[in-house]
Amino acid sequence: MKFQTINGFKDILPDEAALWQRLEQTARSIFRRFGLQEVRVPIVESTELFARAIGEATDVVEKEMYTFADKGLTLRPEATAGLMRAYIEHGLHVQQPVQRLFTIGPMFRHERPQKGRQRQFHQIDVELIGASEPGLDAELIAMAQLLLDDLGLKVSLEINSIGCPQCRPAFRQKLVQHLHDQQEQLCADCRRRINTNPLRTLDCKNSQCRSLVQDAPSIVDNLCQDCATHFAGVRCGLDTLAVPYQLNRFMVRGLDYYTRTTFEFITADLGAQAAVAAGGRYDGLVEQLGGPKNTPGIGFALGMERLILLLEQQQAEQDIARDRADLFAAALGDKAVATCAPLVHELRKHGLYATMDYSSRSLKAQMKQAGRVKARFALIVGEQELDKQEAVLRNMDTQEQTAFSLHGASKDVAARLTKML
RNA sequence: GUGGGCGUAGCUCAGCUGGUGGUAGCACCGGGUUGUGGCCUCGGAGGUCGUGGGUUCAAGUCCCAUCGCUCACCCCA
């Protein structure tokens, strides 16, 4: 019996973990400048919360959730619902009119895994709650763009507005009418979608469907006055901030809570999973979850695995800069090991990355190991030196070697040694 | 849920129309340097060829089943 990660779940080993750290650090650095605050919420919530927030009829809720049916609990398939629950539960709206929050962590969806899609995946999730001005939409999108730029990734931005409960039903009806008229020519999936989720036909990948919806009614032409004005404001804001974008009137959302502004950052380098970040406005969500009335919000999620894949592709040639050890102690013999161990520990108290080998292997083997941890210095402690209370300090870069006295308590020896490194 | 591709060393992979599992590369260990890393050189260790059946004198190779991985559909970050 051999244990292994189960399908759709993945180990992140040290080399890759370095990239994850870089990604998170870059994100945190950007978020700080935009005044975002971190929150950490549980990965388990009541099933009812997700059903209510995401929508009973969505694929995510209908067939992709990891649910403990007997307990009424579910592993979160996305972050927004839990964040909104926390926002409402703790009355965050009272503390500040606009809350700027982010969270980072794992999400779970029981889909068939493929490139850029795991069953456990990670998102960086940002939410701005409590304001609806279009300038805020533009700021949020510009921030996401800045983050992706800082990571050195080339992605393109697409935006759309999907209206609100005022104007979407009318548009939906109009679209259904149009689709009915050419039902025979649509693919089987799209024929089914006419009834289940007509908006989805707009981004079908089937080429024939694609050309058929080209002259379908466009949602941006069917927005109510408020939504149209708002969307114009968002576009204007993006222009002001010099964020290039493409209007994609076929872009829709799979989660029910979205309203008005929607956007996606797309890459051509990930196969079928093109979206590395996506989000939009959700002006009715807080109220729908039992929070204060008229609390608008907007947010987005970045797919971390997808970003990591891009980062890996991009710098396939460069190897990741590993931390250099400050000192490697090569101890030859039991006495030497006994001398080095407390010394190394003292160096670590001084904040240095020091390490040693306890096995008393050949000096050659230990030097090799020193090279492997990219040690800047090696301290060679052998029997010859020990008799004289001395060691050899070798600069691994210049190959210079000097005698180093081991006289005194290891604490004092370490203090002297630290100065020489 | 539906299709396609692939399972040989820790990793990346050779292995042609069946005829003894590769001096393959990387990584690991040791020698060359009686106590000095990277480069070089020599050697070593490491495998139920995913698993179970079948065909055959003979199966990593052909057939069937099964498990696993992967890509795509669907859906989504």
Side-chain angles (χ1 to χ4, degrees), chain A residues 1-2 4-10 13 15 54 58-65 77-80 106-126 144 155 187-190 192-193 196-197 200 203-206 251-255 258 263-267 270-280 299-310 325 328 330-333 336 357 359-386 391-397 399-401:
Chain A
M1 175 89 191
K2 209 173 168 185
Q4 62 179 73
T5 53
I6 55 181
N7 196 11
F9 292 70
K10 216 185 80 170
L13 299 177
D15 281 350
I54 300 168
T58 58
D59 279 21
V60 171
V61 170
E62 231 168 39
K63 52 191 188 192
E64 295 172 2
M65 296 207 297
E78 55 98 57
T80 304
M107 311 294 156
F108 305 84
R109 288 182 204 172
H110 191 93
E111 305 173 88
R112 203 64 168 267
Q114 68 187 74
K115 190 182 174 95
R117 191 173 79 185
Q118 259 89 51
R119 286 179 172 172
Q120 176 180 340
F121 59 104
H122 297 76
Q123 289 187 340
I124 297 175
D125 190 78
V126 175
V155 297
C187 72
D189 281 328
C190 280
R192 177 177 52 78
R193 288 183 181 117
T196 59
N197 197 350
R200 268 261 105 83
D203 67 352
C204 182
K205 283 175 187 167
N206 182 296
M251 183 172 67
V252 296
R253 299 273 77 159
L255 280 48
Y258 285 111
F263 58 96
E264 279 182 11
F265 288 89
I266 311 284
T267 175
L270 280 184
Q273 310 306 320
V276 296
F300 71 87
L302 290 116
M304 296 180 78
E305 278 79 1
R306 294 181 186 178
L307 292 174
I308 295 292
L309 283 173
L310 289 178
F328 182 92
L332 300 167
D357 186 333
S359 68
S360 271
R361 293 196 291 171
S362 72
L363 183 57
K364 178 177 177 164
Q366 295 198 47
M367 291 304 287
K368 199 172 168 184
Q369 206 182 329
R372 227 180 333 239
V373 297
K374 296 185 177 153
R376 291 165 49 237
F377 288 88
L379 186 72
I380 300 165
V381 183
E383 302 198 341
Q384 297 159 25
E385 289 86 357
L386 261 188
V392 173
L393 184 63
R394 175 183 174 86
N395 181 318
M396 296 292 279
D397 297 326
Q399 305 189 23
E400 283 176 285
Q401 299 196 161

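Chain letters run A, B, ... following the sequence lines, proteins first, then strands; residues in each count from 1.
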Dot-bracket for RNA chain B, 5' to 3', counting Watson-Crick or G-U wobble pairs under 3.5 Å, with [ ] for crossing pairs and | for inter-strand pairs?
(((((((..((((.....[..).))).(((((.......))))).....(((((..]....))))))))))))....
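- As rounded to whole Å, 13 Å separates atom P of B:rG37 from atom CZ of A:R372.
- The distance between atom CG of A:L270 and atom C1' of B:rU70, rounded to the nearest whole Å, is 16 Å.
- With both ends at atom P, the span from B:rU51 to B:rU61 equals 11 Å, rounded to whole Å.
- Rounded to whole Å, atom P of B:rG35 lies 17 Å from atom CZ of A:F328.
- Within a 6.0 Å sphere centred on CD of A:E383, other residues, nucleotides and ligands contribute 12 heavy atoms or fewer.
- Screening A:R109, A:M304, A:K10 for a side-chain contact (heavy atoms from CB on, under 4.5 Å) involving A:F121 leaves a single residue, A:R109.
- For the P atom pair drawn from B:rU66 and B:rC29, the interatomic distance equals 44 Å after rounding to whole Å.
- Remark: the separation of the C1' atoms in B:rC13 and B:rG60 is 14 Å, to the nearest Å.
- Distance A:Q114 CD to B:rC71 P: 7 Å, rounded to the nearest Å.
- In this structure, CD of A:Q4 is placed 13 Å from P of B:rU51, rounded to the nearest angstrom.
- For the pair A:E111 CD and B:rU2 P, the interatomic distance rounds to 16 Å; values are reported in whole Å.
- Listed nucleotides B:rC74, B:rU36, B:rA77 differ in distance to A:Q273; the shortest reach to its side chain belongs to B:rC74.
- Looking at A:E385, its side chain comes within 3.5 Å of the base of B:rG35 through a donor and an acceptor atom.
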Treat primed atoms plus P, OP1 and OP2 as sugar-phosphate and everything else as base, then score nucleotides 41-50 of chain B 5' to 3': B for base contact with protein heavy atoms under 4.0 Å, S for sugar-phosphate contact only, - for none.
----------
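- Distance noted for atom C1' between B:rA59 and B:rU17: 14 Å (whole Å).
- The base of B:rC75 lies close enough to the side chain of A:R117 for a donor and an acceptor atom to sit less than 3.5 Å apart.
- Residue-to-nucleotide contacts include no donor-acceptor pair under 3.5 Å from the side chain of A:Q366 to the base of B:rU36.
- Remark: the backbone N or O of A:P113 is not paired with any side-chain donor or acceptor of A:R119 at under 3.5 angstrom.
- In this structure, A:L307 reaches neither bases nor backbone, as no heavy-atom distance under 4.0 Å exists between it and the strands shown.
- Distance check, rounded to the nearest 0.5 Å: CD1 of A:I380 to CD of A:Q366 gives 9.5 Å.
- At the heavy-atom level, A:A378 lies nowhere under 4.0 Å from the strands shown.
- Nearest nucleotide to the A:R361 side chain, out of B:rC73, B:rC29, B:rU36: B:rC29.
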Under the side chain to side chain contact (heavy atoms under 4.5 Å, CB included) criterion, do A:D357 and A:F328 qualify, and how do the steps go?
CA-CA 8 Å; A:D357 186 333; A:F328 182 92; 3.9 Å; yes
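- To the nearest 0.5 Å, the span separating OG1 on A:T58 from CG on A:L255 amounts to 6.0 Å.
- Of the listed nucleotides (B:rA77, B:rU70, B:rC74), B:rA77 has the atom at the smallest distance from the side chain of A:R253.
- Between A:N7 and B:rU70 there is a side-chain N or O to OP1 or OP2 distance below 4.0 Å.
- Taking only side-chain atoms of A:L332, from C-beta outward, the nucleotide of B:rC73, B:rG35, B:rG31 with the closest atom is B:rG35.
- Here the separation of B:rG68 from B:rC63, taken at their P atoms, is 22 Å to the nearest Å.
- A donor-acceptor pair under 3.5 Å links the side-chain atoms of A:E305 to the main chain of A:H122, judged by distance alone.
- Look at A:Q123 and you won't find any side-chain N or O under 4.0 angstrom from OP1 or OP2 of B:rA77.
- Applying the salt bridge (charged side-chain N to carboxylate O under 4.0 Å, His left out) rule to pairs touching residues 363-372 of chain A yields nothing, sequence neighbours excluded.
- Annotation: B:rA24 and B:rU41 have their P atoms spaced 14 Å apart (nearest Å).
- Rounded to whole Å, atom C1' of B:rG32 lies 18 Å from atom CE of A:M367.
- At a threshold of 4.0 angstrom between heavy atoms, the contacts of A:G271 are confined to the sugar-phosphate backbone, with no base atom among them.
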Show the distances under 3.5 angstrom between N or O atoms of the protein and N or O atoms of nucleotides 4-12 of chain B.
none

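- Annotation for A:E264 and A:A275: closest pair OE1-CB, 4.2 Å, computed over non-hydrogen atoms.
- Nucleotides B:rU23 and B:rG43 place their C1' atoms 12 Å apart, quoted to the nearest Å.
- Counting heavy atoms from C-beta outward, A:M396 and A:K374 have side chains that stay 4.5 Å or more apart.
- Here the separation of B:rG46 from B:rC62, taken at their P atoms, is 29 Å to the nearest Å.
- Rounding to the nearest 0.5 angstrom, the gap separating the CZ atom in A:R394 from the CZ atom in A:F377 is 11.5 Å.
- Contact record, A:E385 with A:V392: OE2-CG2, 3.4 Å, taken as the closest heavy-atom pair.
- Across all strands shown, A:A278 has heavy atoms under 4.0 Å from sugar-phosphate atoms exclusively, and none from any base.
- A:R192 contributes no side-chain N or O that, together with a main-chain N or O of A:C187, makes up a donor-acceptor pair within less than 3.5 Å.
- Residues from residues 58-65 of chain A that place a heavy atom under 4.0 Å from any atom of RNA chain B, listed by number: A:D59, A:E64.
- Note: A:Q123 CD to A:R306 CZ = 9.0 Å, rounded to the nearest 0.5 Å.
- Applying the 3.5 Å distance criterion, the base of B:rG35 shares a donor-acceptor pair with the side chain of A:Q384.
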Which is it for A:Q118 and A:E111 under the side chain to side chain contact (heavy atoms under 4.5 Å, CB included) test, yes or no, and what are the steps along the way?
CA-CA 8 Å; A:Q118 259 89 51; A:E111 305 173 88; over 6 Å; no
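- Distance check, rounded to the nearest 0.5 Å: CD of A:Q273 to CD of A:Q114 gives 4.5 Å.
- Listed nucleotides: B:rC73, B:rG37, B:rG35. Nearest to the side chain of A:R112: B:rC73.
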Would you please test A:E78 and A:I54 for side chain to side chain contact (heavy atoms under 4.5 Å, CB included) and show each step?
CA-CA 9 Å; A:E78 55 98 57; A:I54 300 168; 3.6 Å; yes
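- In this structure, CZ of A:R119 is placed 11 Å from P of B:rG68, rounded to the nearest angstrom.
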Protein and nucleotides 38-40 of chain B: nitrogen or oxygen contacts under 3.5 angstrom:
{"unit_1": "B:rG38", "atom_1": "O6", "unit_2": "A:Q399", "atom_2": "NE2", "d": "2.6"}

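- The side chain of A:R192 lies closest to B:rC74, out of B:rC74, B:rA77, B:rU36.
- Between A:N395 atom CG and A:Q401 atom CD the span is 9.5 Å, to the nearest 0.5 Å.
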